[in-house]
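Inspection log for the structure reproduced underneath, given as structure tokens.
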Amino acid sequence: MPTRSGGQDWLVSWHLPDDPPAGRPHGAAGVCVAGDQLVLISHDGVHWGFPAGRPDGDESIGETLRREMWEEACVRVVGARMLGFARSECVGGHEEGLILVRSYWRAEVEIEPWEPRFEIEHRRIVPGAQAREHVRDPDGAATRISLRALTEAALG
């Protein structure tokens with residue numbers, strides 16, 4: 001899927017967990033589920049998606065998942081299952097040739113009180129059955145990746 005981000009052109013694709021693509025590890029994203037509810041976050045109160053982030057130091061992908069879910073959504077991961085990978089290849093711009101790979105997980109979580117301390121200003125808890133109605137990333141390719149993650153997580 002072609003997209004444009006940060007003044008650069010990218011090709012984005014989805015890969016199943018048993019077929020990890022080559023590229024630079026770019027962290028983890030969590031489809032955070034608490035019972036029949038889904039936890040979403042937003043920078044602006046308009047676009048809603050999954051908490052995600054990059055590793056700190058030599059963190060494992062699981063450690064990154066747990067830390068980012070806590071920092072961005074105030075949830076504690078109690079179980080996780082990998083859903084797949086998003087591969088983003090820069091095909092035009094100053095980072096041409098760069099390939100980033102982000103893992104996506106279904107994270108079973110416990111929801112803690114909302115205390116935004118980092119860059120995320122908004123959290124929303126929605127019925128999992130209505131997930132597709134609420135997930136809207138800033139661009140079409142990211143939204144399609146998020147919707148694929150919801151399908152793999154058996155939501156919406």
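Within the 4.5 Å cutoff, the side chain of C32 has heavy atoms near those of the V109 side chain.
For the pair R87 and W14, the cation does not sit on the ring face, since its NZ or CZ is not both under 6.0 Å from the ring centre and inside 45° of the axis.
Once rounded to the nearest 0.5 Å, the distance linking CD of E71 with CZ of R117 reads 8.0 Å. Rounding to the nearest 0.5 Å places CD of E110 at 13.5 Å from SG of C74. A distance of 4.0 Å separates CD1 in I125 from CD1 in I111, rounded to the nearest 0.5 Å. Taken to the nearest 0.5 Å, the CD atom of E112 stands 15.0 Å off from the CE atom of M69. Annotation: the span from R81 atom CZ to W105 atom CH2 amounts to 10.5 Å, rounded to 0.5 Å.
Neither side chain, T143 nor R148, offers a donor N or O lying under 3.5 Å from an acceptor on the other.
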side-chain hydrogen bond (donor to acceptor under 3.5 Å, both in side chains) for R144 and T3? Distances and angles first, verdict last.
CA-CA 11 Å; R144 288 178 64 192; T3 191; over 6 Å; no

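Counting only residues at least two apart or on different chains, the side-chain hydrogen bond (donor to acceptor under 3.5 Å, both in side chains) pairs with a member in residues 42-52 are S42-D44, D44-H47.
No donor-acceptor distance shorter than 3.5 angstrom exists from the side chain of E108 to the backbone of A80, with no hydrogens or angles considered. With hydrogens and angles disregarded, no donor-acceptor distance shorter than 3.5 Å links the side chain of E68 to the backbone of L65. Here the side chain of S103 pairs a donor or acceptor atom with the backbone of G27 at under 3.5 angstrom. At least one donor-acceptor pair closer than 3.5 Å links the side chain of D139 to the backbone N or O of A141. Side-chain atoms of E121 never come within 3.5 Å of backbone atoms of G45 as a donor-acceptor pair (strictly under, hydrogens ignored). Not a single donor-acceptor pair under 3.5 Å links the side chain of R106 to the backbone N or O of V31.
The minimum heavy-atom distance between D137 and G49, with the atom names listed, is OD1-CA, 4.1 Å.
Residue R54 qualifies as open at atom CZ: its count of foreign heavy atoms under 6.0 Å is 12 or below.
Using a cut-off of 4.0 Å between Lys/Arg side-chain N and Asp/Glu carboxylate O, E63 and R67 are scored as not salt-bridged.
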